[in-house]
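Report on the structure given below.
Only a predicted model underlies this, so the values are computations on that prediction, with no experimental measurement involved. Chain letters run A, B, ... following the sequence lines, proteins first, then strands; residues in each count from 1.
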Amino acid sequence: MFPSAREYLRKKLKTALDKIGIQVNGIELILDKPKNEQYGDFATNIAMLIAKKVGREPREIANEIVANLEIEPELVEKVEIAGPGFINFKLTPKFYIQRVYEILNQGENFGKLAIGKGKKANVEFVSANPTGPLTVGHGRNAALGDTIANILEWVGYDVTREYYFNNAGRQMRILADSVRLRYLELLGEEIVYPEEYYQGEYIKDIAKLLIDKYGDSLKNEKDLKIFKETAESVIFEDIKRTLAKLGIKFDVFYNEDWLYEKKIWEVVSELEKLGYIYEKDGAKWFKATKLGGGQDKVLVKSTGEPTYRLPDIAYHIEKFKRGFDLIIDVFGADHIAEYPDVLRALEALKYDTSKVKVLIYQFVTIVKDGEVVKMSTRKANYITLDELIDEVGPDVVRFFFLNRSRDAHLNFDLNLAKKQSEENPVYYLQYAHARIASILRFAKDSGIDVERTRDANMELLVEKEEIDLAKLLNEFPDIVEVAYLSLEPLKIINYLNEVAEAFHSFYHRHRVVNSNDMGLTLARLSLCVAAKIVIANGLKILGISRPEKM
RNA sequence: GCGCCCGUAGCUCAACGGAUAGAGCAACGGCCUUCUAAGCCGUGGGUUGCAGGUUCGAGUCCUGCCGGGCGCGCCA
């Protein structure tokens, strides 16, 4: 296997550092891509970092490192020391062409890594209780969670996509009674519909369903069971349908109820044994302050009922017990105050909380007709995720939600959503893919055996745009790694944008299919195929379709 | 009062502590008789909220302020 440029240089640098006998413990060997081309393809600041540690001149160390690099001249064009002590590398076109061969050989596996091989990951996301349709806010959660799961699969993890829900408690009772009242209303009874009940039209739809099924036989039904169960199943089906439109499918729907019988009480007694529990005002408190928390928290109310924290803790313990090496929670910013206490409890119970990654994304603000719309399932003044998908399509929805960092607030102007979608950046990526597909079709129609591209002599690629594109394609596995380390799908989008840009630029300047020069045609077609592979693999990770035609 | 996030071009947002802060949209000017113009090339647009600090180097880290968002319950 021919390594990526970063991998190659990193290895060479490590060998050189070993030879000099410099300890690089705790110093990360970073190979940066300089913005300015004059500084080469990659640069490292390692000499400066070492200098700081050992108190020597950075350039002197850089010199020593460079002197000990065992580099193949046919792969590395130039090594330079610059500025305060950067070491700059420029690789040869030959290097990048080797990488194009590598892409063609690996095909749809190009970019897959072995970091997570043999490890199990659990990604919990969406986790909306079945009280109503998914909101646009859930959409961000869904897109993030599913894409992060994709990234983990791409780096080798065995991934479980999990949805945690609670179909018990007060909100569900209100939901059931909301349905019951709408049911009576449809039967012509006078009802008073409380303001705090669910206001959405979907409640009436469920009530209608009950009339279709049971007529007026539930008129005097005092038990809410049938209303609750019907509402829950209808809403859950609806949620699943919406998620399916986004290409999302869960492996496990975990019911919070499963924890109540036994598991939460085990948590309490374990914590008690370790001295993290005390009683006050008839309630059981968790000593969060003993573990760095700002205030102690109630785990068991004076009524004997658990607070929401307790099942949360028990649930995470279950995940540990189920053998996951990596446990990811995708939460909205409203959970910001909740997870530290859960982690503290897990720590107290001696679980390795470094396995737990809590990903908090900032809120989606919806603007409609110039007004900020507060999302509330109960008030029904929201735009559903389903409506949004129908309006702009699943690709645009996923892209829209992924195309910013988790920490950034997301302004969603509904009036502009559709308009923007017509000029949406997602099409820029898809267009590059479709364009390549079109070129390949054209080549085939012109009687060229596209399969032969693997045997092409790619040394014929010498134009700047060709090498620039090859350079970028070479990086894809590095980018997947960065996306994995940061758990930020945005990294992949930014990269694909660069690839698409490089491809369009190449396409514009250089004709691919040219019957007068079959050698060059085959070489360029190979480059196109490689670009298509990279774009397709990237879009696959993002869960965005890869059109052959647009 | 306390905790977390944000503040970068007119708008929406990028930028592992690196060298001259970048894209898209919007504005302006070019490019289709040959493989997809959903594209390409170019122009204009910035005191990175403010003030200090850390260091070879700060949009990025630290402190304080200003402004916006989300939380801080014996609700979930």
Side-chain angles (χ1 to χ4, degrees), chain A residues 28 30-36 38-39 43-45 48-49 51-52 57-59 82-86 88 129 131 166 168-171 256 280-285 293-295 297-309 311-312 332-338 340 360-363 365 372 400 403-413 416 419-420 422-432 434-443 445-446 482 485-486 490-491 493-494 497-498 500-501 503-515 521 524-525 528 549-550:
Chain A
E28 206 188 339
I30 293 164
L31 282 156
D32 203 15
K33 219 170 62 169
K35 288 171 201 147
N36 193 327
Q38 80 180 71
Y39 299 128
T44 182
N45 61 353
M48 276 117 81
L49 297 181
K52 192 173 277 186
E57 275 298 304
R59 291 191 65 112
F86 290 105
N88 298 334
N129 291 337
T131 59
N166 174 0
R170 193 179 111 88
Q171 286 310 315
E256 184 177 318
K280 193 178 90 181
D281 304 331
K284 291 193 176 186
W285 293 70
Q295 50 203 329
K297 304 284 181 176
V298 171
L299 286 189
V300 183
K301 304 181 211 172
S302 54
T303 60
E305 291 171 302
T307 62
Y308 68 90
R309 272 177 215 99
D312 275 1
D334 52 342
H335 287 71
I336 193 73
E338 149 187 353
I360 302 282
Y361 61 90
Q362 292 301 310
F363 262 44
T365 309
V372 172
F400 206 104
N403 193 28
R404 58 212 65 204
S405 60
R406 275 200 305 279
D407 287 340
H409 293 265
L410 195 153
N411 288 319
F412 208 126
D413 189 326
L416 285 178
K419 207 175 137 199
Q420 285 182 348
E422 287 161 8
E423 291 289 323
N424 200 287
V426 67
Y427 296 135
Y428 187 73
L429 307 182
Q430 292 182 315
Y431 184 64
R435 209 176 203 184
I436 297 170
S438 172
I439 295 170
L440 297 177
R441 277 195 300 273
F442 180 84
D445 291 347
S446 309
V482 167
L485 291 171
S486 59
L490 175 64
K491 307 284 184 192
I493 291 185
N494 286 343
N497 265 317
E498 286 183 58
E501 191 181 356
F503 173 75
H504 286 310
S505 187
F506 154 74
Y507 171 87
H508 185 258
R509 288 212 171 85
H510 306 290
R511 183 160 177 101
V512 177
V513 179
N514 179 357
S515 50
T521 297
R524 285 185 175 161
L525 279 173
C528 286
K549 257 182 205 171
M550 278 175 83

Checklist entry - Across all strands shown, which nucleotide pairs with G10(B) by Watson-Crick or G-U wobble geometry, both distances under 3.5 Å? => result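 With both distances under 3.5 Å, G10(B) matches C25(B).
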Taking only the [atom1] atom of each, what is the distance from [N] to [M] in whole angstrom?
N	M	atom1	answer
A58(B)	U47(B)	C1'	15 Å
G67(B)	A23(B)	P	34 Å
A26(B)	G44(B)	C1'	13 Å
A9(B)	G1(B)	C1'	38 Å
G46(B)	G10(B)	P	7 Å
G18(B)	C65(B)	C1'	29 Å
A37(B)	A19(B)	P	36 Å
G59(B)	C50(B)	P	11 Å

Please give, in whole Å, the distance from [N] [atom2] to [X] [atom1]?
X	N	atom1	atom2	value
Tyr507(A)	C41(B)	OH	P	14 Å
Phe506(A)	G39(B)	CZ	P	18 Å
Tyr427(A)	A37(B)	OH	C1'	17 Å
Arg511(A)	U36(B)	CZ	C1'	12 Å
Ile439(A)	C35(B)	CD1	C1'	6 Å
His508(A)	C35(B)	NE2	P	12 Å
Arg509(A)	U34(B)	CZ	P	19 Å
Ile360(A)	G3(B)	CD1	C1'	12 Å

Checklist entry - Does Ser505(A) put a side-chain nitrogen or oxygen below 4.0 Å from OP1 or OP2 of C41(B)? => result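 For Ser505(A), the contact criterion (side-chain N or O under 4.0 Å from OP1 or OP2 of C41(B)) is met.
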Next on the checklist: Looking at every heavy atom in both Phe506(A) and Cys528(A), which two are closest together, and how far apart are they?
Outcome noted: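 Scanning both residues completely, I find the closest heavy atoms to be CE2-SG, 4.0 Å.
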Checklist outcome for this item: All heavy atoms of Ala500(A) vs all of Tyr428(A), minimum pair found to be CB-CE2, 3.6 Å
Next on the checklist: Generate the contact string for nucleotides 71-76 of chain B. Rules: B means base contact, S means sugar-phosphate contact only, - means no protein heavy atom under 4.0 Å.
Outcome noted: SSSBSB
Next on the checklist: What does the B/S/- profile of nucleotides 13-26 of chain B look like, 5' to 3', with a 4.0 Å heavy-atom cutoff to protein?
Outcome noted: SSSB-BBB------
Checklist outcome for this item: Closest to the 5' end of RNA chain B, once Tyr431(A) and Gly332(A) are matched to their nearest nucleotides, is Tyr431(A)
Give a yes or no on whether the backbone of [Y] and the side-chain of [X] come within a donor-acceptor separation of less than 3.5 Å.
X	Y	value
Asn166(A)	Ala168(A)	yes
Thr521(A)	Asn514(A)	yes
Thr307(A)	Val300(A)	no

Checklist entry - Any side-chain heavy-atom pair from Ser446(A) and Phe442(A) closer than 4.5 angstrom? => result yes
Next on the checklist: Please classify the nucleic acid contact of Ser438(A) as base, sugar-phosphate, or nothing, using heavy-atom distances under 4.0 Å.
Outcome noted: base
